[in-house]
Student: 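Quick one: this structure, given as structure tokens, is what I'll be asking you about.
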Amino acid sequence: MTAGANPLDSVFEPPRVNRSLGRLRKLIGDAIGIVWSAAPRPFAATVVLQVLGALGLFAQLAITRVLIGRILDLEDGSSVAPIVPWLLGFGGVTVLVAFSGVARTELQRLLSEEVARFAQSRVVRAATRAELIEFESPAFHDRIERASVNAMIRPVQMVGGTMGLLSATLSLVAIAVTIGAVTPLLLPIMLIGYAPLWLLAVKTSRLEHRTAVEVTEGDRRRQHLEDMLMSRGAAGEVRAYGLGEFFLGRIGDLYRERIDRVTTLVRRRLVFGLVGAAISSAVTVLTASVMTAAIAGGTLSVADAGLLLGTLLVLGQRLTMLAAAVNALFESALFLEDFTGFVGADLSPVMRDGPVVEPADRGPPAIVVDGASFTYPAQTSPALEAISLEVRPGEVLAIVGENGSGKSTLAKLLVGLYAPDAGTVRWPTTHGGARPRADVLDDTAMLFQDFARFNLDVWENIGVGRLQRLDDRRAIEAAADRAGVDDVVRHLPRGYETALGVDFARGAELSVGQWQRVALARAFFRDASLLVLDEPSASLDPRAEAQMFEQVQELYRGRTVILISHRLSNVRSADRICVIDRGRLVEQGSHAELMDRGGLYAELFRLQASGYGDDD
């Protein structure tokens with residue numbers, strides 16, 4: 001794999017706009033499958049109503065032809081009674097057609113809600129399956145954005161287009177039968193004349209999709225800036241540095257770029273619309289000319305002429321419907337593939353799991369890293385290079401180094417959250433086998449430097465550390481006590497039932513240090529054999545920091561602990577210290593050994609210690 005290459009880049013490339021009819025048929029099938037899975041009854045009812053509407057139109061045309069003939073046959077003083085049943089029949093069919101249209105509109109609304117729920121859940125599920133490294137790729141976020149937006153509307157639009165195409169086609173068949181029975185010459189004129197409208201609809205759809213792909217990244221950038229201006233987290237710095245107008249200017253620039261692209265799209269679509277209108281008018285004029293010549297030549301009766309005039313009006317409406325349906329169908333097909341391509345992508349782990357191990361093999365894991373290198377997507381320089389390291393079961397391993405040296409990246413590699421581009425990471429068992437990655441992750445607790453703050457009740461915030469024991473309130477409170485946050489929680493308005501965060505009503509906010517203790521309690525509650533602490537004391541005062549390390553040493557005695565810290569005073573008691581510099585493992589050993597060696601660790605330690613008057 002080349003440096004910086006993403007193993008799933010091929011999955012997330014923007015789709016090509018050229019689509020074969022076979023691909024279109026598949027996408028139509030996908031759309032129908034999505035809608036059927038989301039709401040089978042409303043969908044079935046919609047199909048029935050589409051068919052009834054088309055049959056109703058056919059009946060209207062047939063009855064209209066009879067009515068015109070009967071009305072023209074009336075003589076002065078003759079009874080209209082024979083016409084009444086046909087009038088009532090025409091009225092009944094008209095009511096049926098009108099009601100089917102209203103019912104379709106209402107069912108379409110229900111379908112939209114059901115499909116949005118179903119499709120969006122698939123997008124979220126696909127995102128949760130993705131490897132952690134995918135979230136480092138801008139292209140991945142672009143695809144999430146398009147998949148999420150299109151999940152809300154495109155399946156319904158595509159099915160609506162398919163149903164509209166079906167309805168328009170059935171209606172045109174009814175019209176064709178009617179016209180063919182009166183004057184067959186008009187049929188080839190209409191079929192040949194309106195074929196270009198289909199091609200214009202396809203071209204317009206491709207332009208729409210291409211524009212949507214081009215504006216995705218700009219839209220995400222604009223949304224990010226808008227979130228910064230409206231979110232609580234950035235509100236302080238925005239005001240302290242006077243960033244409001246600056247960000248608004250950037251937002252305006254991004255909007256102008258979007259509007260410029262949309263303006264280009266609109267102009268081209270207007271040209272296509274003008275061409276389509278000209279073709280439609282030409283076909284109508286030609287059809288009317290043929291009909292006029294037939295009347296003048298005596299080959300077309302007045303009754304049939306009246307029927308044809310009405311039929312031509314309906315024909316115009318149905319051809320407009322057909323063009324709209326084709327446009328919606330092709331446009332939605334292109335966008336739907338953003339959705340189906342994302343939720344159907346192979347997001348299986350790129351790190352191959354070993355054979356499943358017996359429960360007896362669970363316990364503090366050994367970790368063997370052999371020549372592992374890793375490069376983030378879109379980066380040219382590796383974050384880690386040729387790392388070889390063995391983590392022994394039950395030891396406390398510290399990873400230290402300057403900011404940006406690759407400490408956190410190495411920790412994620414050790415537990416299987418990232419896969420190396422080169423080299424291997426293995427978790428051997430005492431029996432010579434290998435633990436699968438899923439098993440290692442299940443037996444690992446992590447406190448990330450950028451720990452999550454869930455807007456959930458306190459007990460849920462802690463309990464999600466081990467979902468199988470989510471209802472074990474006693475263990476949750478014990479974990480909070482060990483993390484030093486129990487007293488804080490009990491002074492909240494509803495104790496452990498208090499919702500954290502003030503983004504929603506009746507929530508309580510914590511300080512950064514208190515939030516970190518909640519995250520630490522979550523890690524303690526997981527009760528795992530491997531604990532990874534990534535800068536765990538960054539938000540703690542010195543006293544709280546000392547207490548936390550005492551608690552970790554007590555709770556995780558006999559288990560494996562990986563400690564990442566830039567405060568070297570915290571790692572002196574570690575069994576082994578690994579020093580990372582610019583992505584390479586340059587030193588490892590105990591505190592005393594590294595100090596005696598006088599290398600980078602000793603230099604950094606003395607530099608930090610000088611600020612505290614400590615050179616030991």
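No experiment lies behind these values; they were computed from the predicted model shown.
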Student: Before you tell me yes or no, could you show the steps for Arg256 and Asp253 under salt bridge (Lys or Arg N to Asp or Glu O under 4.0 Å), namely the whole-Å CA-CA distance, both residues' side-chain angles and the distance that decides it to 0.1 Å?
Tutor: CA-CA 5 Å; Arg256 279 189 290 274; Asp253 292 341; 2.3 Å; yes
Student: Charged N to carboxylate O below 4.0 Å: is that the case for Asp581 and Arg584?
Tutor: no
Student: Atom CD of Glu385 and atom OG of Ser373: how far apart are they, to the nearest 0.5 Å?
Tutor: 5.5 Å
Student: Judged by modelled atom types alone, do Asn461 and Tyr496 share a side-chain donor-acceptor pair under 3.5 Å?
Tutor: no
Student: Tell me, please, which residues at least two apart from Asp219 pass salt bridge (Lys or Arg N to Asp or Glu O under 4.0 Å).
Tutor: Arg222, Arg258
Student: What's the spacing between Asp534 CG and Leu563 CG if we round to 0.5 Å?
Tutor: 9.5 Å
Student: Any side-chain heavy-atom pair from Tyr601 and Val571 closer than 4.5 angstrom?
Tutor: yes
Student: Does the side chain of Leu500 come within less than 4.5 Å of Phe454's, by heavy atoms?
Tutor: no
Student: Measuring from atom OG of Ser565 to atom NZ of Lys407, what distance do you get when rounded to the nearest 0.5 angstrom?
Tutor: 8.5 Å
Student: Could you pull out all residues at least two apart from Glu217 that satisfy side chain to side chain contact (heavy atoms under 4.5 Å, CB included)?
Tutor: Asp142, Arg221
Student: At what distance, to the nearest 0.5 angstrom, does CD of Glu226 lie from OH of Tyr255?
Tutor: 5.5 Å
Student: Considering non-hydrogen atoms only, spot the tightest contact between Gly463 and Ile476 and give its length.
Tutor: CA-CD1, 3.8 Å
Student: Please report the closest heavy-atom contact between Ala602 and Leu594, naming both atoms and the distance.
Tutor: CB-O, 3.9 Å
Student: Ignoring hydrogens, what is the shortest heavy-atom contact between Pro428 and Ala366? Give both atom names and the distance.
Tutor: CD-O, 3.6 Å
Student: Taking it one step at a time, do Leu254 and Leu225 satisfy side-chain contact (heavy atoms from CB on, under 4.5 Å)?
Tutor: CA-CA 10 Å; Leu254 290 168; Leu225 294 176; 4.1 Å; yes
Student: Are the side chain of Asp575 and the backbone N or O of Ser590 linked by a donor-acceptor pair below 3.5 Å?
Tutor: no
Student: Could you tell me whether the side chain of Met595 reaches within less than 4.5 Å of the side chain of Arg606, counting heavy atoms only?
Tutor: yes
Student: Can you tell if the side chain of Thr409 reaches within under 4.5 Å of the side chain of Tyr376, non-hydrogen atoms only?
Tutor: yes
Student: How would you list, by chain and number, every residue that makes a salt bridge (Lys or Arg N to Asp or Glu O under 4.0 Å) with Glu114, sequence neighbours excluded?
Tutor: Arg117
Student: Any side-chain heavy-atom pair from Lys412 and Phe374 closer than 4.5 angstrom?
Tutor: no
Student: Is it the case that over 12 heavy atoms from other parts of the model lie below 6.0 angstrom from the CZ atom of Arg250?
Tutor: no
Student: For Ser388 versus Gly371, what's the shortest heavy-atom pair and its separation?
Tutor: OG-N, 2.9 Å
Student: With sequence neighbours excluded, tell me which residues meet salt bridge (Lys or Arg N to Asp or Glu O under 4.0 Å) with Glu390.
Tutor: none
Student: Where is the tightest heavy-atom contact between Leu492 and Ala508, given as atom of each residue plus distance?
Tutor: CD2-CB, 4.1 Å
Student: Can you tell me if Glu245 has over 12 outside heavy atoms packed within less than 6.0 Å of its CD?
Tutor: no
Student: Give a yes or no answer on whether the side chain of Thr560 reaches the backbone of Gly394 with a donor-acceptor pair at less than 3.5 Å.
Tutor: yes
Student: If you define the side chain from C-beta out and look only at heavy atoms, does anything of Leu417 sit under 4.5 Å from Met446?
Tutor: yes
Student: Work out which heavy atom in Phe118 is nearest to a heavy atom in Ser37; give both atom names and the distance.
Tutor: CZ-CB, 3.7 Å
Student: Quick one: does any side-chain atom of Arg517 pair with a main-chain N or O of Ala483 as donor and acceptor, under 3.5 Å?
Tutor: yes
Student: Does the distance from a Lys or Arg side-chain N to an Asp or Glu carboxylate O, for Arg453 and Glu509, drop under 4.0 Å?
Tutor: no
Student: I'd like to know if Arg576 and Glu395 make a salt bridge, using a cut-off of under 4.0 Å between side-chain N and carboxylate O.
Tutor: yes
Student: Does the distance from a Lys or Arg side-chain N to an Asp or Glu carboxylate O, for Asp443 and Arg435, drop under 4.0 Å?
Tutor: yes
Student: Could you tell me which residues satisfy salt bridge (Lys or Arg N to Asp or Glu O under 4.0 Å) with Arg582, sequence neighbours excluded, listed by chain and number?
Tutor: none
Student: Side-chain contact, heavy-atom cut-off 4.5 Å: Val369 with Leu585?
Tutor: no
Student: Hey, does the side chain of Arg469 reach the backbone of Phe525 with a donor-acceptor pair shorter than 3.5 angstrom?
Tutor: yes
Student: Test side-chain contact (heavy atoms from CB on, under 4.5 Å) on Val415 and Leu530 and set out the steps.
Tutor: CA-CA 9 Å; Val415 300; Leu530 171 61; 3.6 Å; yes
Student: Going from OH on Tyr418 to CG on Leu384, what distance comes out if it is rounded to the nearest 0.5 angstrom?
Tutor: 10.5 Å
Student: Who passes side-chain hydrogen bond (donor to acceptor under 3.5 Å, both in side chains) against Trp459, sequence neighbours left out?
Tutor: none
Student: In the structure I gave you, are the side-chain heavy atoms of Ile251 and Leu229 within less than 4.5 Å of one another anywhere?
Tutor: yes
Student: Nearest 0.5 Å, please: how far is CG in Leu414 from CD1 in Ile562?
Tutor: 4.5 Å
Student: Quick check on Arg494: does its CZ atom have over 12 non-hydrogen neighbours (other residues, nucleotides or ligands) under 6.0 Å away?
Tutor: no
Student: I'd like to know if Asp527 and Arg559 make a salt bridge, using a cut-off of under 4.0 Å between side-chain N and carboxylate O.
Tutor: yes
Student: Any chance you could lay out the side-chain contact (heavy atoms from CB on, under 4.5 Å) test for Ser573 and Val396, step after step, and finish with the verdict?
Tutor: CA-CA 9 Å; Ser573 60; Val396 177; over 6 Å; no
Student: Is the backbone of Thr444 close enough, under 3.5 Å, to the side chain of Arg526 for a donor and an acceptor to pair up by distance?
Tutor: yes
Student: Using side-chain contact (heavy atoms from CB on, under 4.5 Å), reason through Ile564 and Gln449 one step at a time and then give a plain yes or no.
Tutor: CA-CA 9 Å; Ile564 304 167; Gln449 184 176 359; over 6 Å; no
Student: Could you walk me through whether Arg473 and Glu497 pass salt bridge (Lys or Arg N to Asp or Glu O under 4.0 Å), step by step?
Tutor: CA-CA 11 Å; Arg473 299 295 290 270; Glu497 304 289 337; 2.8 Å; yes
